[in-house]
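What follows is a set of notes on a single structure, which appears directly below.
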Number of protein chains: 6
Amino acid sequence: MKISARNTLKGKITEVVKGATTAHVKIDIGGGTIVTASITNAAVDELKLAVGGTAYAVVKASDVMVAVD
Amino acid sequence: MKISARNTLKGKITEVVKGATTAHVKIDIGGGTIVTASITNAAVDELKLAVGGTAYAVVKASDVMVAVD
Amino acid sequence: MKISARNTLKGKITEVVKGATTAHVKIDIGGGTIVTASITNAAVDELKLAVGGTAYAVVKASDVMVAVD
Amino acid sequence: MKISARNTLKGKITEVVKGATTAHVKIDIGGGTIVTASITNAAVDELKLAVGGTAYAVVKASDVMVAVD
Amino acid sequence: MKISARNTLKGKITEVVKGATTAHVKIDIGGGTIVTASITNAAVDELKLAVGGTAYAVVKASDVMVAVD
Amino acid sequence: MKISARNTLKGKITEVVKGATTAHVKIDIGGGTIVTASITNAAVDELKLAVGGTAYAVVKASDVMVAVD
């Protein structure tokens, strides 16, 4: 499946914390940068996300803001 | 100003394309990764975003999805 | 690629309108329901989206609201 | 109230799971398609969302991605 | 229609600018605060949004960030 | 840091409720209007958000919908 989302950042999962319904997944995309995703527990289970696995952080362009110092 | 958004990816602006109301800004965050942001033309003007400038791609954790191969 | 987004609605593309930077794509998902997506022109080109093609509307669960009469 | 969101999918609620702060609501919109919404517990209470009730999944066009096989 | 979105800010429309596909609508919610919405041209037409009209800015709680000085 | 998000609403925090992973923060922006934000517990801790503190609700324009009666 190819998706319209413009941003797909490859990395390694460094943390998976499930809450009551919502999980937080951290992906190390290299260069010292960790990306945090807030997704459903159901998605964690279905995709079998686990520490050490390869994964992509996917973000729609309209959800990216720009900041400057 | 400190913001709750969990993801702040530092890089250099490589492209700014303004449309009628919406602009696309590309930021090279290193490691061969370009992030695309879709923001208002007004924000481009106000932040004086231009190619070569240092900028951050900022993304709320709830806007990050996770994908696996 | 499998993605964490909980909602993947299969249908047929009925309209693709490109603007200056942002395109609107309509997908008929059956039962008389048309879904409208606002995505980048670049994604339309890369995925070769065209009227009559099969496509999926993909939505993260945290972007779905619920309404009642 | 009429809202600018382009997508309003009518269906029947099939599941309501409340977490600590965030609830997941599933709506069967017909044709074998279930839509999952992640909303606040407070909204579930205020709208009295319950299994069997008629409800609409509402999504802003800019939150819809498009995917192809 | 009642919606799960937690934030509904009432005001008066002060500007409507249509682009090629995307419009920007400004709503004065009082206290010197203007809210900007980026929505489809189609929604502007359907809701007959025009300067001087009463309108609500509606935002899902998961799309609100918090910042501190 | 200056951010592209068009909407920054200043107010006072009136409630902070942490869930298992996701927190709800209410900010009174004046004129009788309370804004609710759903953010990570981690952000609440890092920004030391607490009742009575001054804070800003920040929203990207593309996450704002418009409604009319």
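Since we're looking at a predicted model, the values are computed, not measured. Here is the naming used below: chain letters follow the sequence lines, and residue numbers restart at 1 for every chain.
Using non-hydrogen atoms only and a strict 4.5 Å limit, the part of residues 55-69 of chain E facing chain C consists of E/Lys60, E/Ser62, E/Asp63. Residues of residues 21-52 of chain E that come closer than 4.5 Å to chain C, counting heavy atoms only, are E/Thr21, E/Thr22, E/Thr40, ordered by residue number.
Taking both residues in full, the closest heavy atoms of C/Ala20 and E/Ala20 are given as N-CB, 3.5 Å, listed atom of the first, atom of the second, then distance.
The environment of E/Lys18 atom NZ is dense: over 12 non-hydrogen atoms of other residues, nucleotides or ligands sit within 6.0 angstrom.
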